[in-house]
Amino acid sequence: MQPYFIAPSILSADFARLGEDVDKVLAAGADVVHFDVMDNHYVPNLTIGPMVCSALRKYGVTAPIDVHLMVQPVDRIIGDFIEAGASYITFHPEASAHVDRSLQLIKDGGCKAGLVFNPATSLDALKYVMDKVDMILLMSVNPGFGGQKFIPSTLDKLREARALISASGRDIRLEVDGGVNLHNIRAIAEAGADTFVAGSAIFNAPDYAEVIAQMRAELAQVQK
Ligand SMILES: O=C(CO)[C@H](O)[C@H](O)COP(=O)(O)O
Ligand SMILES: [Fe+2]
């Protein structure tokens with residue numbers, strides 16, 4: 001099991017002051033910047049692309065950037081995000097015609113690769129590509145928007161994913177995304193997650209450092 005990572009989703013940040021807001025949340029104790037890319041095709045919303053990732057790097061952000069691709073097709077945009085300084089690139093298997101090829105493209109570019117599973121999507125796509133996966137991301141809301149409610153069946157799915165990771169013997173991160181907050185983060189960790197995306201719970205709080213410290217206090221009480 002790897003150390004816990006708190007990954008604020010910048011979907012809920014102040015886009016008019018993005019660099020400053022990202023600096024602020026990292027100074028408040030976040031580990032990873034979660035970067036949601038939506039194309040108004042795979043999901044019904046439109047957000048930010050590689051130029052914004054590159055701008056954050058030029059602005060001086062050195063923390064890992066976790067690019068969550070909600071786009072279809074996938075392969076065309078992977079190279080641009082590698083160039084833009086992404087650290088992790090994850091995509092939804094149903095959005096790629098050739099999942100193995102997309103994972104390999106990410107790894108060939110020196111980034112960590114991951115697959116994302118929607119709430120109703122089974123983990124079957126992992127079966128033949130576990131050796132190429134560095135991160136498994138379970139969506140705990142239907143993708144497209146921040147501020148939604150955590151779907152409880154994700155807890156069973158996290159246990160299933162954790163068992164697959166243990167059986168693989170590899171260090172694969174298990175990330176959860178959607179509706180994560182102070183009240184459920186401990187149960188989510190107990191179900192096996194080690195990386196916690198939180199958008200509205202952090203960026204809508206008056207004090208980022210306080211909410212991140214409270215999340216860590218919850219994680220310190222996890223029963224393993
Ligand atoms: O991928 C996402 C939505 O598709 C976001 O990362 C996610 O919704 C985070 O926002 P919140 O913590 O407010 O639910
Ligand atoms: Fe996300």
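Numbering of ligands and ligand atoms starts at 1, following listing order.
When only interatomic distances are considered, the shortest N/O to N/O separation between His68 and ligand 1 falls below 3.5 Å. Between Gly199 and ligand 1, a contact under 3.5 Å exists for at least one N or O pair.
Side-chain contact between Val25 and Ile212: present, with at least one pair of heavy atoms (C-beta onward) separated by less than 4.5 Å. Within the 4.5 Å cutoff, the side chain of Leu123 has heavy atoms near those of the Leu138 side chain. At least one side-chain heavy atom of His92 sits under 4.5 Å from a side-chain heavy atom of Pro143. No side-chain heavy atom of Tyr59 sits less than 4.5 Å from a side-chain heavy atom of Leu18. Side-chain contact between Asn40 and Met38 is absent, with no heavy-atom pair separated by less than 4.5 Å. Here the side chains of Pro64 and Asp31 are not in contact, with every heavy-atom distance at 4.5 Å or above.
Residue-and-atom listing of protein N/O/S atoms under 2.8 Å from the Fe ion (ligand 2), sorted by chain and number: His34 NE2, Asp36 OD1, His68 ND1, Asp177 OD2.
Here is the list of ligand 1 atoms found below 4.0 Å of a heavy atom in Asp36: 1 (O), 2 (C), 5 (C), 6 (O). Proximity to Pro143 (heavy-atom distance under 4.0 Å) selects the following atoms of ligand 1: 4 (O). Listed by number with element, the atoms of ligand 1 under 4.0 Å from a non-hydrogen atom of Met70 are 1 (O), 4 (O). Each of the atoms 11 (P), 13 (O), 14 (O) of ligand 1 lies under 4.0 Å from some heavy atom of Gly147. Less than 4.0 angstrom separates some heavy atom of Ala198 from each of these atoms of ligand 1: 12 (O). With ligand atoms numbered from 1 in the order given, ligand 1 contributes 1 (O), 4 (O) to contacts under 4.0 Å with heavy atoms of Met139. Within ligand 1, counting atoms from 1 as listed, the ones closer than 4.0 Å to a heavy atom of Met38 are 3 (C), 4 (O). Interface atoms of ligand 1 facing His34, defined by a heavy-atom separation under 4.0 Å, are 6 (O).
For atom 10 (O) of ligand 1, the closest non-hydrogen atom of the protein is Gly146 CA, 3.7 Å. Here the heavy atom of the protein found nearest to atom 9 (C) of ligand 1 is Asp177 OD1, 3.4 Å. Distance from atom 4 (O) of ligand 1 to its nearest protein heavy atom, with residue and atom name: Gly144 N, 2.9 Å. Shortest contact from atom 14 (O) of ligand 1 to any protein heavy atom: Gly179 N, 2.9 Å. Nearest protein neighbour of atom 3 (C) of ligand 1, counting heavy atoms only, is Phe145 O, 3.5 Å.
By the criterion of a heavy-atom distance under 4.0 Å, both the backbone and the side chain of Ser200 are placed next to ligand 1.
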Checking Thr154 against Ser140 for the side chain to side chain donor-acceptor pair (under 3.5 Å) test, could you report, in this order, the C-alpha distance in whole Å, the side-chain angles of both residues, the deciding distance, and whether it holds? CA-CA 6 Å; Thr154 313; Ser140 37; 4.8 Å; no
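Legend: salt bridge (charged side-chain N to carboxylate O under 4.0 Å, His left out) pairs involving residues 121-137, not counting sequence neighbours, sorted by first then second residue: Asp100-Lys132, Lys107-Asp134, Asp134-Arg170.
Summarising the local packing, CD of Gln104 is surrounded by more than 12 heavy atoms from other residues, nucleotides or ligands at distances under 6.0 Å. Residue-environment remark: CZ (Arg17) stays at or below the threshold of 12 foreign heavy atoms within 6.0 Å. When the shell of 6.0 Å around CG of Asp171 is examined, it contains 12 or fewer heavy atoms from other residues, nucleotides or ligands.
A salt bridge is defined here as a Lys NZ or Arg NE, NH1 or NH2 lying under 4.0 Å from an Asp or Glu carboxylate O, and Arg162 with Asp194 meets this definition.
For Lys157 and Phe117, the positive end is not near the middle of the six-membered ring at less than 6.0 Å and at most 45° from its axis.
Remark: distances from the non-hydrogen atoms of Gly178 to ligand 1 include one below 4.0 Å.
Interatomic distance, Thr195 OG1 to Gln2 CD, rounded to the nearest 0.5 Å: 7.0 Å.
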